[in-house]
There are 2 protein chains.
Amino acid sequence: MENKTERFEKLLVKNGLKRTAPRLQVLEILSGRDSATSQPYLEQVMGKDADRVTLYRVLQAFEEKGIIHKVLDQQGTANYAICSDGCSAHEHHDEHVHFNCDNCHKIYCLDSVKIPALKVPVGFKVEHLNLIATGLCANCSDKVN
Amino acid sequence: MENKTERFEKLLVKNGLKRTAPRLQVLEILSGRDSATSQPYLEQVMGKDADRVTLYRVLQAFEEKGIIHKVLDQQGTANYAICSDGCSAHEHHDEHVHFNCDNCHKIYCLDSVKIPALKVPVGFKVEHLNLIATGLCANCSDKVN
DNA sequence: ATGTTAATGCAATTATGTTGCAAATATAGG
DNA sequence: CCTATATTTGCAACATAATTGCATTAACAT
Ligand SMILES: [Mn+2]
Ligand SMILES: [Mn+2]
Ligand SMILES: [Zn+2]
Ligand SMILES: [Zn+2]
């Protein structure tokens, strides 16, 4: 059985990206979490292991290649989650709902919840849909009760 | 027939806000446009008529009172639109879909398009839904054809 | 081993948004 | 109309997110 780092290295190579420490570190961090990860948090965790600018460039490259997708929370903060299989440089398949908890502020990818089609006014051509639900996540609504 | 400025002044008074030049100017600008207005655009149009900070505070006050609502576009930029009737300090009724044109970047409030209810995983409690569609607006898809 | 290209680090800059405080002003009440 | 008071504004300083240019470093194909 191949380990995680090997998988990540293959993923980078497959996308024509060199396997560098900052990139592997970002993949490690994102994959070890059950919800999307904010840029500020990533920056803090990476600390001096990588420059801020490098982090931005790693995230941008990953997004372009379809390795991760970006979700803006209600405050406009960028959050990143690893894409499910099927995303590529040419096409993101992430039309699932995102859930932004009002209490813990985590953002969950609800991969099983698809966004329903919409009837829009004449003339408008819908390309993508982006739905963010807010409320209490499973963890937080447990604690409250 | 009462003119626009009179209506705006009543709106301010009704919400316990003094009728000041920056506030009236923001209402003028927002009401004269067919789509939501970005903070950077507002700042540019107001120019030296009002300080940046004042603009931020005007927008915040209006949002709190239910006079306008904020929509973040795909880049995370804040855009503002006047609320339809029925919004107040205590409750926003803006669960309509927003359309962000990929070409002209305008954001339209699709007041007639409601966000469909969602089935989410067990434990999650949905409070609000926020749906942004992207694609081509009516104007832009006309021009392309 | 080495050359080429991609990636990083650093410094500087821009954009967005916030806070504290003093000065100005809208307006209510006399 | 005057005046007192609470609100609002302007300014300066700060905070944070993001971008750009450029020199240096490092990955990896040959
Ligand atoms: Mn997602
Ligand atoms: Mn709207
Ligand atoms: Zn939560
Ligand atoms: Zn358009």
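Reminder, nothing fancy here: chain letters follow the sequence lines and each chain counts from 1. Just so it is clear, the values below take in all heavy atoms, side chains as well, and ignore hydrogens, waters and symmetry mates.
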- Note on the structure: Going 5' to 3' through nucleotides 14-27 of chain C and flagging B where a protein heavy-atom sits under 4.0 Å of the base, S where only the sugar-phosphate is that close, and - otherwise, we get --BBBBB-----BS
- Note on the structure: Applying side-chain contact (heavy atoms from CB on, under 4.5 Å) to B/His105 and not counting sequence neighbours gives none
- Message: Applying salt bridge (Lys or Arg N to Asp or Glu O under 4.0 Å), can you list everything that pairs with A/Glu28, at least two apart in sequence or on another chain?
- Response: A/Lys4
- Message: What verdict does the side-chain contact (heavy atoms from CB on, under 4.5 Å) test give for B/Leu131 and A/Asn130, after you've listed the backbone C-alpha separation in whole Å, the side-chain angles of each residue and the deciding distance to 0.1 Å?
- Response: CA-CA 6 Å; B/Leu131 203 174; A/Asn130 185 351; 5.8 Å; no
- Query: With a 4.0 Å cut-off on heavy atoms, is B/Ala50 in touch with a base, just the backbone sugar-phosphate, or nothing at all?
  - Reply: sugar-phosphate
- Under the ring pair (Phe, Tyr, Trp, His ring centres under 6.0 Å) test, residues paired with B/Tyr108 that sit two or more places apart: A/Phe124
- For B/Glu127, the salt bridge (Lys or Arg N to Asp or Glu O under 4.0 Å) test, sequence neighbours excluded, returns none
- ring pair (Phe, Tyr, Trp, His ring centres under 6.0 Å) against A/Phe62, all qualifying residues, sequence neighbours excluded: none
- Can you give the first and last nucleotides of DNA chain D, 5' to 3', that have an atom under 4.0 Å from a heavy atom of chain A? D/dA17 to D/dC28
- Taking CG from A/Leu55 and P from C/dA7, how many angstroms apart are they, rounded to a whole number? 15 Å
- Is there a donor-acceptor pair under 3.5 Å between the side chain of B/Asn100 and the backbone N or O of B/Gln74? yes
Which protein N or O atoms sit under 3.5 Å from an N or O of nucleotides 28-30 of chain C?
none

- Cationic N near anionic O, under 4.0 Å, A/Glu95 to A/Lys114: no
- salt bridge (Lys or Arg N to Asp or Glu O under 4.0 Å) with A/Arg57: which residues, sequence neighbours excluded? none
- Item | Donor-acceptor under 3.5 Å (B/Thr54 side chain, B/Ala50 main chain) | no
- Is it true that a side-chain atom of A/Arg19 and a backbone atom of A/Leu12 form a donor plus acceptor pair closer than 3.5 Å? no
- Task: Quantify the bending of the helix from C/dA1-D/dT30 to C/dG30-D/dC1 as the angle between its end axes, each fitted on five pairs, to 10°.
- Result: 30°
- Query: Taking only residues two or more places apart in sequence, or in another chain, which ones meet A/Arg7 in a salt bridge (Lys or Arg N to Asp or Glu O under 4.0 Å)?
  - Reply: none
- Applied to residues 20-43 of chain A, the ring-ring contact (aromatic ring centres under 6.0 Å, His included) test, sequence neighbours excluded, yields none
